[in-house]
Amino acid sequence: MPSKYQLWLTYNGETEKIQFPVLPEVINIKNGSGNKSVSVAGLGEIVVKQDPTAVIISFSCFFPAAEFPGIQVKSITPPQTLVDKITKWKNSDKPVHFIITGTSVNLFCTIEDFPVSEKKGDVGTIYYSITLKEYREVAARQIKIENSKAVIPSNSAPERTDNRVPPKTYTVVSGDCLWNIAKKYLGSGSRYIDIYNLNTDIIKNPNLIYPGQVLKLPT
């Protein structure tokens with residue numbers, strides 16, 4: 001029976017999503033203060049207040065190859081598909097969005113570590129461990145020093161992190177067709193329908209494209 005708690009990892013402005021199919025037994029959340037102690041002659045130890053360190057979240061579980069009573073999703077996604085997607089996100093320069101529904105855990109993260117393995121006797125199931133680190137964008141602020149302005153970096157995060165990936169584009173030339181474009185840039189001509197679905201604002205018929213049209217390509 002599905003739990004009220006769900007683990008989600010999303011990417012590219014929430015357009016790509018993974019719900020973890022099995023809840024891990026333990027989720028480790030490390031949230032240090034970042035404070036430092038120093039000794040000062042005549043005063044003893046004092047604490048220098050620092051900004052909080054980034055939250056680190058880690059857990060281990062598995063992607064099942066078949067349904068079983070403890071599963072949290074309506075249908076099984078092939079484990080290798082999930083591994084490939086998370087690996088792609090890990091290698092990207094954009095953060096992911098990690099959410100545990102029913103809790104206050106809702107933050108943008110980088111994927112620091114994602115080892116996977118398979119076990120004998122459990123064909124197709126992939127076991128994994130994942131470590132996520134809170135992502136903070138660096139903003140600039142101004143301070144006034146002796147009637148002059150200096151810009152210094154600040155680690156304060158904006159209200160919302162933009163992790164959207166700019167779409168790749170292709171400009172149509174004479175003789176092009178969606179099938180050939182898909183085969184050249186997406187690896188399979190049958191993916192022409194993906195290009196069409198992404199560009200219905202300018203393509204009315206997938207069999208008719210014109211030189212000069214700028215098409216968005218799927219990632």
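With sequence neighbours left out, Ser60 forms a side chain to side chain contact (heavy atoms under 4.5 Å, CB included) with Ser129. Take Glu118 and apply the side-chain hydrogen bond (donor to acceptor under 3.5 Å, both in side chains) test, not counting sequence neighbours, and it matches no residue. The side-chain hydrogen bond (donor to acceptor under 3.5 Å, both in side chains) test applied to Asp122 returns Thr125, Tyr127, not counting sequence neighbours. Evaluation of the side chain to side chain contact (heavy atoms under 4.5 Å, CB included) rule for Ile56 yields Lys30, Thr131, Lys133 as partners, not counting sequence neighbours. For Asn180, the side-chain hydrogen bond (donor to acceptor under 3.5 Å, both in side chains) test picks out no residue, with sequence neighbours left out. Partners of Ser190 under the side-chain hydrogen bond (donor to acceptor under 3.5 Å, both in side chains) rule, at least two apart in sequence or in another chain, are Ser188. For Cys109, the side chain to side chain contact (heavy atoms under 4.5 Å, CB included) partners at least two apart in sequence or on another chain are Val96, Phe98, Leu107, Leu132. For Asn205, the side chain to side chain contact (heavy atoms under 4.5 Å, CB included) partners two or more places apart in sequence, or in a different chain, are Asn207, Leu208.
Taking the six-membered ring for Trp and thresholds of 30 and 60 degrees, Phe63 and Tyr128 have nearly parallel ring planes, at less than 30 degrees apart.
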Residues Ile209, Ile181; criterion side-chain contact (heavy atoms from CB on, under 4.5 Å); working and verdict: CA-CA 11 Å; Ile209 58 175; Ile181 295 171; 4.0 Å; yes
Verdict with supporting geometry, Asp84 and Thr81, side-chain contact (heavy atoms from CB on, under 4.5 Å): CA-CA 5 Å; Asp84 290 345; Thr81 299; 5.8 Å; no
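At least one side-chain heavy atom of Pro21 sits under 4.5 Å from a side-chain heavy atom of Val73. No side-chain heavy atom of Asn28 sits under 4.5 Å from any side-chain heavy atom of Phe59. Proximity of Leu217 to Leu198: side-chain heavy atoms (C-beta onward) are nowhere separated by under 4.5 Å. The side-chain heavy atoms of His97 and Asn106, taken from C-beta on, include a pair separated by under 4.5 Å. The closest side-chain heavy-atom distance from Ile71 to Pro64 is below 4.5 Å. Using a 4.5 Å cut-off on side-chain heavy atoms (C-beta onward), Leu215 and Thr171 make no contact. Side-chain contact between Pro218 and Leu186: present, with at least one pair of heavy atoms (C-beta onward) separated by less than 4.5 Å. A heavy-atom distance below 4.5 Å is not found between the side chains of Ile18 and Thr77.
Sorted by first and then second residue, the pairs that involve residues 162-182 and meet ring pair (Phe, Tyr, Trp, His ring centres under 6.0 Å), not counting sequence neighbours, are Tyr170-Tyr185. Note on residues 186-212: pairs passing salt bridge (charged side-chain N to carboxylate O under 4.0 Å, His left out), not counting sequence neighbours, are Arg191-Asp194. Among residues at least two apart or in separate chains, there is no salt bridge (charged side-chain N to carboxylate O under 4.0 Å, His left out) pair with a member in residues 169-185.
The shortest non-hydrogen separation linking Gly124 to Ala65 is C-CB, 3.6 Å. The nearest pair of heavy atoms linking Gln6 to Trp8 is OE1-NE1, 2.8 Å. Annotation for Ala182 and Gly189: closest pair CB-O, 3.8 Å, computed over non-hydrogen atoms.
The neighbour count for Phe62 CZ, taken as heavy atoms of other residues, nucleotides or ligands under 6.0 Å away, is above 12.
One finds the CD1 atom of Ile99 at 9.5 Å from the OG1 atom of Thr103 (value rounded to the nearest 0.5 Å). We find the CG-CD1 distance between Leu7 and Ile57 to be 9.0 Å, quoted to the nearest 0.5 Å. For the atom pair CD1 (Ile100) and OH (Tyr5), the distance works out to 10.0 Å, reported to the nearest 0.5 Å. To the nearest 0.5 Å, atom CD1 of residue Ile195 and atom SG of residue Cys177 are 9.5 Å apart.
In the hydrophobic clustering of ILVMFWY residues, with side-chain heavy atoms under 4.5 Å counting as a link, Ile202 and Ile193 come out together.
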Could you go through residues 86-94 and list every donor-acceptor pair under 3.5 Å that involves a side-chain atom there, pairing it with any protein atom two or more places apart or in another chain?
| unit_1 | atom_1 | unit_2 | atom_2 | d |
| --- | --- | --- | --- | --- |
| Thr87 | OG1 | Val83 | O | 2.8 |
| Lys88 | NZ | Glu16 | OE1 | 3.3 |
| Trp89 | NE1 | Glu16 | OE1 | 3.4 |
| Asn91 | ND2 | Thr87 | O | 3.3 |
| Ser92 | OG | Tyr11 | OH | 2.5 |
| Ser92 | OG | Lys94 | N | 3.0 |

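Remark: the backbone N or O of Ala54 is not paired with any side-chain donor or acceptor of Glu134 at under 3.5 angstrom. Distance alone, capped at 3.5 Å, is enough to place a donor-acceptor pair between the Gln72 side chain and the Gly70 backbone.
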